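Encoded as structure tokens, the structure appears first; notes follow it.
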Amino acid sequence: MGFLDTVKSKAGELKSTVDKKMAGAHLEHTAWGQLVKAKLEIFDLYEKSAKIEEFPFRFNPTTLKVTRSATFEEVPTTATGKDVRWKNTAPTKVEFGDLWFDTYEERANVRDKYIRPLEALLEYNATSHHVPSVRFVWGDYTYDTTKYYVNGLTVEYTMFLPTGMPVRAKATLQLTEVNPIKDQQKKESKESPDHAKIYTVRRGDTLQSIALAEYEDPREWRRIASSNGIDDPMSVKPGTKLLVPPILK
């Protein structure tokens, strides 16, 4: 056997080894027991929790990235001071890396069998007037009932038959947490008390600081001033009783 033949033989053996590892990737995480397969539960409307089908992963994700973030803003508390306050918490984002799909042995089109159903999760449904929502389920990782929208799908086709048919693909899937209207209503701004109250001015108080304490917005000091007939906001003395009106939407 010549040098080139030896190189080709070794290359063939290496490819065979890689293919076998790919084909056996579903045996991952079996050291502590039987493999638990990951899947997506698919819902037509997230509010009604009507599951319509499931999408099982043939190979479990190799990585799982969870991102949470909050937004803050600087709020004036005095003429010269500012405070950093929470504004909102963004929906949780989840990303699955290296999702493998393989149809080489069955000589089937990997896009038709696996990728198109994932692509459908990004499509608007004219009946429900929404895109589907999903829940990620994977054994012990399934710690809540959070639902997500699929907002990103990246696919890399890595193997083709001589006809050009794709038979192996690697995908990355991005999800964004659903924020239902009823949950948004539970988190309504605290800037709107539903009833008037009486506030006793303390030493060091200003109308701006009182508005910040009562409405979480120092810019609402004019509302308090107007309700109490105050022309000079700097003339408020300790012990003064102030009417703090509600903010009606």
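Counting from 1, the numbers follow the sequence of the chain as shown. What you see is a predicted model; the values in this text were computed from it and never measured.
Side-chain contact between N60 and L35: present, with at least one pair of heavy atoms (C-beta onward) separated by less than 4.5 Å. Side-chain contact between L212 and D217 is absent, with no heavy atoms from C-beta onward closer than 4.5 Å. Residues E119 and L153 are in side-chain contact: their nearest non-hydrogen atoms beyond the backbone lie under 4.5 Å apart. Using a 4.5 Å heavy-atom cutoff, the side chains of M159 and P166 are not in contact. At least one side-chain heavy atom of R68 sits under 4.5 Å from a side-chain heavy atom of T89. Proximity of V167 to F160: side-chain heavy atoms (C-beta onward) are nowhere separated by under 4.5 Å. Side-chain contact between I210 and V236: absent, with no pair of heavy atoms (C-beta onward) separated by less than 4.5 Å.
A distance of 6.0 Å or more separates the ring centres of F59 and F101.
For the residue pair T158/R168, the side-chain donor-acceptor check at 3.5 Å is not satisfied.
A donor-acceptor contact shorter than 3.5 Å is absent between the side chain of N228 and the backbone of A225.
In the hydrophobic clustering of ILVMFWY residues, with side-chain heavy atoms under 4.5 Å counting as a link, V244 and I198 come out apart. In terms of hydrophobic clustering, with Ile, Leu, Val, Met, Phe, Trp and Tyr side chains grouped at heavy-atom distances under 4.5 Å, I52 and V134 are assigned to a common cluster. If you chain together hydrophobic residues whose side chains sit under 4.5 Å apart, V137 and Y114 never meet in one group. When the side chains of ILVMFWY residues are joined at heavy-atom separations under 4.5 Å, either directly or via intervening members, I224 and L243 end up in two distinct hydrophobic clusters.
For the pairing with F136, the ring pair (Phe, Tyr, Trp, His ring centres under 6.0 Å) check across Y148, F96, F55 returns one residue only, F96. Partner of L173 under the side-chain contact (heavy atoms from CB on, under 4.5 Å) criterion, out of V94, L40, T154: L40 alone.
We find the OG1-NZ distance between T200 and K241 to be 3.0 Å, quoted to the nearest 0.5 Å.
Between R135 and E41 there is a salt bridge, with a side-chain nitrogen of the basic residue lying less than 4.0 Å from a carboxylate oxygen of the acidic one.
The neighbour count for R116 CZ, taken as heavy atoms of other residues, nucleotides or ligands under 6.0 Å away, is above 12.
A cation-pi arrangement is present between K147 and F43, with the terminal nitrogen or guanidinium carbon under 6.0 Å from the aromatic centre and inside a 45° cone about the axis.
The salt bridge (charged side-chain N to carboxylate O under 4.0 Å, His left out) check on E106 picks up K113, with sequence neighbours excluded. Partners of N151 according to the side chain to side chain donor-acceptor pair (under 3.5 Å) rule, which considers only residues two or more places apart in sequence or in another chain, are T176. Applying the ring-ring contact (aromatic ring centres under 6.0 Å, His included) criterion to Y157, with sequence neighbours excluded, gives no partner residue.
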